[in-house]
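In what follows, residues are counted from 1 in the order of the sequence shown.
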Amino acid sequence: MEKLNQYKNSINNLISTANALQKIASAIEQDDLFEQLKLVKLWAEEQDLLLATVGEVSVGKSSFLNALLKHPVLPVSRKESTALVTHVRRGENLKASLYIEGEQIFSSKDLESFNDSYTVHSKRWKEESTGRLARFKKIMTTKNEVNEDTYIEIQLNHPLLQNRVRIIDTPGLNDSGGIRSVITKRFVRKADAAIVLMRADKLLSNSEMAFFQEYILKKHVDHIFILVNRFDKLGADDQVTVKEAAYKKFKELNIPEKNVFFVSAKQAVLANSLEKIVVSGEGDFPTKALQLKAESLTPSERVSLAKDEMLRLRESSALNYFLDVLQEFLVSNKGEGRKRKIENQLEEIGKRLNDELDEANKDLRRTDDEVKTELKRNRDEHKQSIKAMETTRQKFSEKTRLEKHEFIKRFERVFESIKTEVEAETTITHIHSSEAANALLKARTDELMDRIQSWVLEELPKIEQSVRQIYLNEYSSQLPTVQNVFQMPTIRSAFIPAEIKKSSSNTDSAALTGAVVGFGAAALLGVGIFGALLLIPAAAMGAAFLAEESSSSSDGRKLTQRLSKEIEKLYVRVEKESKKTIQTGFDQSVETWMNDMEESIQKSFERTEKRLKKIEQSFKDEETNVSKEIEYINSLKIEVQAQLARI
């Protein structure tokens with residue numbers, strides 16, 4: 001059975017290959033290929049070669065199969081005995097089961113008892129009016145009750161069966177009710193090879209001819225094998241006559257001579273009995289003639305006799321020769337085609353897996369390159385942003401100097417307008433005493449200072465906004481892409497671990513952008529520099545001067561003149577002190593604000609430095625993982641190639 005054994009090993013290897021490819025499909029999350037391989041495996045598992053036996057009742061089908069399997073699997077009787085289609089398939093231990101409409105209703109390891117119950121003429125049917133025997137009897141005696149899902153299954157550990165051959169023993173073509181012969185013909189159509197057994201002394205009976213005319217002549221006959229049984233019962237002359245007649249009749253049915261065999265199931269059964277003596281040295285000889293010969297023989301002589309007779313009977317039975325031809329046909333004409341179909345499917349799936357692995361490899365290498373490029377860009381922009389902050393201050397100072405100059409000019413214009421308004425009010429006021437002059441001087445001083453303070457407080461937010469914008473514009477011109485720094489690329493490979501993917505996200509660009517937004521007007525006002533405006537001593541100096549003169553002069557005209565001079569001095573001193581204070585306050589406020597700004601930016605950069613180190617570490621980890629993934633994918637590719645090479 002070398003050919004069949006090779007076929008079995010080939011199918012098993014293909015199933016093993018499908019398993020290996022399925023693991024690879026699962027590893028790279030190719031669910032559709034995983035499911036396809038699952039279907040391929042299921043189909044491959046079912047690729048037993050079907051061998052159907054056909055023949056009239058009592059033609060010797062059961063004896064033939066028992067001889068073929070070297071075990072009394074099927075009941076032997078002169079009457080119709082095979083009750084249903086019987087599937088004989090591989091199994092670890094002997095077991096018989098009855099299925100009715102696809103449901104297993106009974107199973108037993110006692111084959112003798114099972115056959116005693118489930119044969120056509122079982123005596124035990126009369127003992128049962130209910131239960132499974134009664135149900136079985138109804139099926140066997142009622143027309144149209146038998147279908148393909150009602151059958152007997154026998155499991156047996158035999159080399160032929162283990163080599164992926166499943167035997168289907170069909171009921172007789174001329175069964176009593178004609179019911180089961182319909183099922184027989186259906187199974188013959190499905191079989192990979194059909195053995196039609198005939199009696200040597202009764203070739204092509206009416207039922208056999210009807211079977212050939214109805215089925216064989218309408219179908220291909222390549223898979224039909226004719227076994228003429230009981231050939232040993234004929235004499236030499238009759239054997240020649242029967243052979244010639246058989247070849248002629250079957251030629252008319254388009255069945256070639258090479259598909260016609262003349263066998264003896266009985267001789268094969270006897271040879272099997274003798275094999276037990278050859279193997280163990282124990283047992284009884286199967287015929288009286290051999291028993292008489294063996295009576296006076298030594299144990300070794302008994303074994304020698306059994307061996308000689310076994311070989312003679314096997315040769316005479318022609319069963320081994322037929323089996324050699326049968327396995328060649330099954331493997332070459334049926335098995336090879338199925339094997340090739342499985343191979344083609346696996347090769348196609350393997351190619352697709354290989355393509356997926358190639359694409360994954362490209363993604364990983366592209367990811368690796370992109371990460372390296374992006375990390376370098378991040379480092380360059382980080383350095384550029386530090387340099388930008390350092391070079392911005394000098395240009396910023398030049399531009400803020402112009403802003404301060406414009407601010408002082410606006411102050412001078414405002415001061416002149418305030419001065420004009422105050423003077424207009426003073427000229428229409430009559431002074432009659434030094435106390436009144438002092439009061440008026442103080443009032444004018446307070447009013448002047450209030451007006452200046454109100455203008456400065458109103459102007460400060462505008463100044464701060466302008467100065468902030470100058471800094472931002474200058475900073476941004478140095479670093480146009482500042483908001484895009486520290487962004488890691490998106491990892492496209494599905495094989496990078498999730499924790500590495502998470503490490504590539506970044507929020508530091510938002511923190512950096514927030515750091516350069518500014519602090520609002522409160523940043524300048526909070527410095528307190530402009531509070532010095534409230535301490536300008538002009539009013540105090542004027543009031544003190546008038547106090548010294550008040551005791552020696554009470555002339556209203558003189559007081560008015562004196563007051564005008566003091567107010568004029570007040571304007572000069574206030575303008576001078578105010579401009580000086582505003583200039584100093586402007587410089588110090590901007591310096592303070594910019595220091596705070598740069599300190600905030602510096603802190604952001606420090607945080608970014610830490611973040612960059614984490615990114616670099618993540619990159620190193622990621623790079624290591626990518627390398628491992630590439631190595632892993634390459635190993636999967638090697639495995640795919642190795643599996644395809646096995647096909």
Side-chain angles (χ1 to χ4, degrees), residues 1-4 51 53-56 58-74 76 78 158-160 167 169 193 195-204 225-250 255-281 283-295 297 301-329:
M1 295 187 187
E2 182 180 354
K3 282 272 188 179
L4 284 171
L51 176 63
T53 58
V54 183
E56 286 190 335
S58 300
V59 77
K61 287 192 295 87
S62 297
S63 296
F64 163 75
L65 289 177
N66 289 341
L68 188 68
L69 298 172
K70 299 181 180 180
H71 196 96
V73 175
L74 300 171
V76 178
R78 292 182 178 273
H158 183 274
L160 181 65
I167 297 173
D169 182 30
I195 300 173
V196 181
L197 267 85
M198 298 181 178
R199 289 174 53 168
D201 57 347
K202 188 181 178 184
L203 281 177
L204 285 173
F225 293 87
I226 306 297
L227 265 66
V228 180
N229 192 22
R230 301 185 181 181
F231 196 63
D232 60 308
K233 297 292 185 181
L234 303 177
D237 293 339
D238 290 336
Q239 286 183 347
V240 173
T241 302
V242 168
K243 275 190 177 183
E244 291 176 351
Y247 287 145
K248 181 179 179 181
K249 286 185 178 181
F250 291 123
I255 297 176
E257 287 187 10
K258 65 183 180 64
N259 283 24
V260 181
F261 299 86
F262 301 88
V263 300
S264 171
K266 181 179 179 181
Q267 287 182 333
V269 170
L270 293 174
N272 292 338
S273 298
L274 291 169
E275 185 178 3
K276 296 177 182 178
I277 300 174
V278 173
V279 173
S280 65
D284 297 328
F285 283 86
T287 65
K288 289 183 178 180
L290 289 175
Q291 290 172 6
L292 291 173
K293 280 186 179 182
E295 282 182 356
L297 298 179
E301 290 173 336
R302 279 170 52 85
V303 171
S304 180
L305 174 63
K307 185 176 181 180
D308 291 341
E309 284 297 312
M310 178 189 73
L311 295 175
R312 184 186 67 78
L313 289 170
R314 288 211 192 286
E315 180 71 20
S316 178
S317 72
L319 204 58
N320 284 349
Y321 171 67
F322 163 70
L323 192 56
D324 290 340
V325 174
L326 177 65
Q327 71 165 332
E328 175 68 30
F329 171 82

Q: Tell me the closest heavy-atom pair linking L234 and A200, and the distance in Å.
A: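 In this case the closest contact between L234 and A200 is CD1-CB, 3.7 Å.
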Q: Just wondering, do F285 and L305 contact through their side chains at under 4.5 Å, heavy atoms?
A: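 L305 vs F285: side chains touch.
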Q: What pair of heavy atoms forms the shortest contact from V269 to S63, and how long is it?
A: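 V269 and S63 have their closest heavy atoms at CG2-O, 3.9 Å.
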Q: Can you tell me if Q239 uses its side chain to pair, donor with acceptor, with the backbone of F231 under 3.5 Å?
A: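 Yes, the answer is positive, given that a donor and an acceptor are paired below the 3.5 Å cut-off.
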Q: Out of curiosity, F64 CZ to D169 CG, how far, rounded to the nearest 0.5 Å?
A: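 Separation between the atoms: 10.0 Å.
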Q: Looking at every non-hydrogen atom in both residues, tell me the closest pair between G281 and V303 and how far apart they are.
A: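 So the minimum-distance heavy-atom pair works out to CA-CG2, 3.9 Å.
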Q: What distance separates L227 CG from L68 CG, expressed to the nearest 0.5 Å?
A: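 Reported value, rounded in 0.5 Å steps: 9.5 Å.
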Q: In the structure I gave you, are the side-chain heavy atoms of L65 and K61 within less than 4.5 Å of one another anywhere?
A: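 The answer is no, as the side chains (C-beta and beyond) never meet within the 4.5 Å cut-off.
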Q: Please name all residues satisfying salt bridge (Lys or Arg N to Asp or Glu O under 4.0 Å) with K243, sequence neighbours left out, ordered by chain then number.
A: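 Checked K243 against salt bridge (Lys or Arg N to Asp or Glu O under 4.0 Å); zero matches.
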Q: So for atom CD, which belongs to E315, do other residues, nucleotides or ligands contribute more than 12 heavy atoms lying within a distance under 6.0 Å?
A: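 No, because the 6.0 Å sphere around CD of E315 holds 12 heavy atoms or fewer from other groups.
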Q: Which heavy atom in A306 sits nearest to a heavy atom in L274, and how many Å separate them?
A: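 Scanning both residues completely, I find the closest heavy atoms to be O-CB, 3.8 Å.
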Q: If we ignore hydrogens and angles and just use 3.5 Å, is the side chain of S316 paired with the main-chain N or O of R312 as donor and acceptor?
A: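 Side chain of S316 to backbone of R312: no pair is present.
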Q: Which heavy atom of D232 sits nearest to which heavy atom of S264, and what is that distance?
A: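 Answer, listing the atom of D232 first, then S264: OD1-OG, 2.8 Å.
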Q: What residue among K202, K266, R199 forms side-chain contact (heavy atoms from CB on, under 4.5 Å) with R230?
A: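 Testing R230 for a side-chain contact (heavy atoms from CB on, under 4.5 Å) against K202, K266, R199 leaves exactly one candidate, R199.
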Q: Report, as yes or no, whether the 6.0 Å neighbourhood of atom NZ on K249 holds more than 12 heavy atoms from other residues, nucleotides or ligands.
A: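 Check passes, neighbour count above 12.
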Q: Verify the neighbour count for atom CG of D284: are there more than 12 heavy atoms of other residues, nucleotides or ligands below 6.0 Å?
A: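 No, because the 6.0 Å sphere around CG of D284 holds 12 heavy atoms or fewer from other groups.
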Q: Once rounded to the nearest 0.5 Å, what's the spacing between atom CG of N320 and atom CG of L326?
A: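 Nearest 0.5 Å value for the CG-CG distance: 12.0 Å.
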Q: Given 3.5 Å as the limit, does a donor-acceptor pair link the side chain of H71 with the main chain of V73, or not?
A: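 Side chain of H71 to backbone of V73, a donor-acceptor pair under 3.5 Å: no, none is there.
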Q: Rounded to the nearest 0.5 Å, how far apart are CD1 of I226 and CG of L204?
A: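 With rounding to 0.5 Å, CD1 (I226) is 7.5 Å from CG (L204).
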Q: Would you call I167 and L160 a side-chain contact if the rule is heavy atoms closer than 4.5 Å?
A: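 Yes - at least one pair of side-chain heavy atoms lies under 4.5 Å apart.
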Q: Indicate yes or no for a side-chain donor-acceptor contact from N229 to the backbone of A265 under 3.5 Å, with no hydrogens or angles considered.
A: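 A pair under 3.5 Å: yes.
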Q: Taking the six-membered ring for Trp and the full ring for Phe, Tyr or His, determine whether the centres of Y247 and F262 are under 6.0 Å apart.
A: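 Under 6.0 Å, so yes.
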Q: In Å, rounded to the nearest 0.5 Å, how long is the span from CG of L51 to CD1 of I195?
A: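 Separation between the atoms: 4.0 Å.
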Q: Identify the residue among R302, E309, K307 that makes a side-chain contact (heavy atoms from CB on, under 4.5 Å) with V278.
A: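 Between V278 and the candidates, side-chain contact (heavy atoms from CB on, under 4.5 Å) is satisfied uniquely by K307.
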Q: What residues, two or more places apart in sequence or in another chain, satisfy salt bridge (Lys or Arg N to Asp or Glu O under 4.0 Å) together with R314?
A: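 R314: salt bridge (Lys or Arg N to Asp or Glu O under 4.0 Å) contacts with E275.
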Q: Rounded to the nearest 0.5 Å, how far does CG of N272 lie from CE of M310?
A: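 The CG atom of N272 is 9.5 Å from CE of M310, to the nearest 0.5 Å.
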